[in-house]
Amino acid sequence: MNLVVIGATGRTGSEIVAEASGRGHDVVGVATSADTVEDVRVYPDDELPRLLEDADAAIDFTVPAATREHVERVVEAGVPYVVGTTGFGEAGLDALRGASKSIPVLKASNFARGVQALLRLVEAGVEALPEYDIELTETHHSGKRDAPSGTANTILDVVDSAARSKLDRTHGREGEHKREKSEVGVHVRRAGTVRGEHELLLAGNDEVLTLTHRAESRRVFAAGAVDAAEWLADADAGWYAFGDVL
Ligand SMILES: NC(=O)C1=CN([C@@H]2O[C@H](COP(=O)(O)OP(=O)(O)OC[C@H]3O[C@@H](n4cnc5c(N)ncnc54)[C@H](OP(=O)(O)O)[C@@H]3O)[C@@H](O)[C@H]2O)C=CC1
Ligand SMILES: O=C(O)C1=N[C@H](C(=O)O)C[C@H](O)C1
């Protein structure tokens, strides 16, 4: 498969280049300037339209503003598009959903298989313990820009759906403030090289249940993203999730 990896010089993009090359795919990279990663050539992003001409799929792990520009090029080329970038506002998400009317788009906030299992466990835990207080804590490396993480927002959406109400997302706590039953606490930590850890805590009835996922390397995201691209290359236009691949 001919694969364009956008964000190829990044922490995650460089792992995706290594994973896809290791599986025998023909890979080219795109970043803000020319480079080489794992013997794969990386081109500046104004060359993206030319590189997409021969592509079977594109994978984008950059920043929301860049992805919003890339999506237009990818639609023009009619190429299946895997998006791992997180931190979009509603307008960015609308642009991706709009693109999925003409090309296959698979967007996931987390390409680790274990997170798919975590989401099912979160749903089951919240449904089983409806009166319990819920607090979410996520920890990532100090270079991460967006907060809370995309995965944290996905978990919170699952919590709302399982609780059948939109809980008030309370970001950190300070000063005098009694916890309300309608709150879900959201706690963000940025430190060192932590690859990505998410913990949902449910507490009540003199007991505590915690559900935790920890990525131990970025290889797990890279493997999932390449699995998604291989699957999406044969898909019809539409909006897909990582769960569709598994
Ligand atoms: N869904 C998932 O499973 C995961 C998602 N992510 C998300 O992926 C994104 C990237 O994270 P991370 O790898 O840590 O980020 P990095 O900052 O390490 O890498 C960002 C990459 O994007 C490139 N880039 C930035 N702007 C442009 C542009 N306009 N055109 C082309 N390339 C551009 C950078 O190129 P240059 O260096 O040349 O500027 C670099 O290669 C984040 O949103 C993160 O949350 C991360 C891990 C897993
Ligand atoms: O930026 C990261 O590193 C990660 N970002 C994703 C997110 O925002 O959830 C996925 C993973 O946790 C790593």
Side-chain angles (χ1 to χ4, degrees), residues 4-19 28-38 40-49 51-52 58-74 81-89 92-93 96 105-116 118-119 136-158 186 188-199 212-229 241-243 245:
V4 179
V5 177
I6 313 173
T9 56
R11 282 176 286 258
T12 322
S14 55
E15 294 276 349
I16 295 170
V17 167
E19 176 73 21
V28 290
V30 170
T32 51
S33 50
D35 209 329
T36 305
V37 172
E38 302 269 339
V40 164
R41 282 193 69 182
V42 177
Y43 297 84
D45 69 341
D46 58 0
E47 298 209 39
L48 182 58
L51 299 170
L52 288 170
I59 302 178
D60 192 326
F61 278 64
T62 56
V63 292
T67 301
R68 282 196 70 178
E69 289 179 13
H70 301 149
V71 65
E72 293 178 21
R73 309 286 90 78
V74 178
Y81 193 31
V82 174
V83 179
T85 310
T86 58
F88 294 102
L93 290 175
L96 290 172
V105 177
L106 191 156
K107 184 192 166 303
S109 60
N110 198 308
F111 282 95
R113 285 168 181 253
V115 165
Q116 294 300 309
L118 175 72
L119 296 176
L136 176 66
T137 304
E138 60 102 329
T139 310
H140 284 84
H141 55 94
S142 52
K144 185 163 176 62
R145 301 159 66 107
D146 56 314
S149 68
T151 310
N153 286 326
T154 301
I155 292 169
L156 291 166
D157 290 343
V158 171
V186 184
V188 172
R189 303 189 295 187
R190 294 286 175 264
T193 57
V194 178
R195 297 314 194 228
E197 184 169 313
H198 295 88
E199 180 196 88
T212 304
H213 177 272
R214 185 174 61 252
E216 298 195 327
S217 80
R218 292 192 177 90
R219 194 203 55 77
V220 68
F221 308 129
V226 177
D227 289 343
F242 188 43
V245 178

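Side-chain atoms are counted along with the backbone in the values below, which use heavy atoms only and exclude waters and symmetry mates. We count ligands from 1, going down the list as the structure has it; atoms in each ligand are counted the same way.
The protein atom (non-hydrogen) at minimum distance from atom 9 (O) of ligand 2 is Thr151 OG1, 2.5 Å. The protein non-hydrogen atom at the shortest distance from atom 12 (O) of ligand 2 is His140 NE2, 2.6 Å. Among all non-hydrogen protein atoms, the one lying nearest atom 6 (C) of ligand 2 is Ser109 O, 3.5 Å. Summary of contacts: the protein heavy atom closest to atom 5 (N) of ligand 2 is Lys144 NZ, 3.2 Å.
The atoms of ligand 1 that sit less than 4.0 Å from any heavy atom of Ala66 are 26 (N), 27 (C), 28 (C), 29 (N). Counting the atoms of ligand 1 from 1 in the order shown, those under 4.0 Å from a heavy atom of Phe111 are 1 (N), 2 (C), 3 (O). Listed by atom number, the atoms of ligand 1 under 4.0 Å from Gly7 heavy atoms are 21 (C), 22 (O), 23 (C), 41 (O).
An N or O contact shorter than 3.5 Å is missing between His198 and ligand 2 by distance. An N or O contact shorter than 3.5 Å links Gly150 to ligand 2 by distance. Geometrically, ligand 2 and Arg218 share no nitrogen or oxygen pair separated by less than 3.5 Å. Geometrically, ligand 1 and Ile6 share no nitrogen or oxygen pair separated by less than 3.5 Å.
Using the six-membered ring where Trp is involved, Phe61 and Phe111 have ring planes that are tilted, between 30° and 60° apart.
Of the listed options Thr62, Thr86, Asp46, Val5, Thr86 places a heavy atom closest to atom 44 (C) of ligand 1.
Proximity of Asp146 to ligand 1, defined as any heavy-atom pair under 4.0 Å, is confined to the side chain (atoms from C-beta onward). Of the heavy atoms in Ser109, only backbone atoms (N, CA, C, O) come closer than 4.0 Å to ligand 1.
The local environment of CZ in Arg41 is sparse, with at most 12 non-hydrogen atoms from other residues, nucleotides or ligands closer than 6.0 Å.
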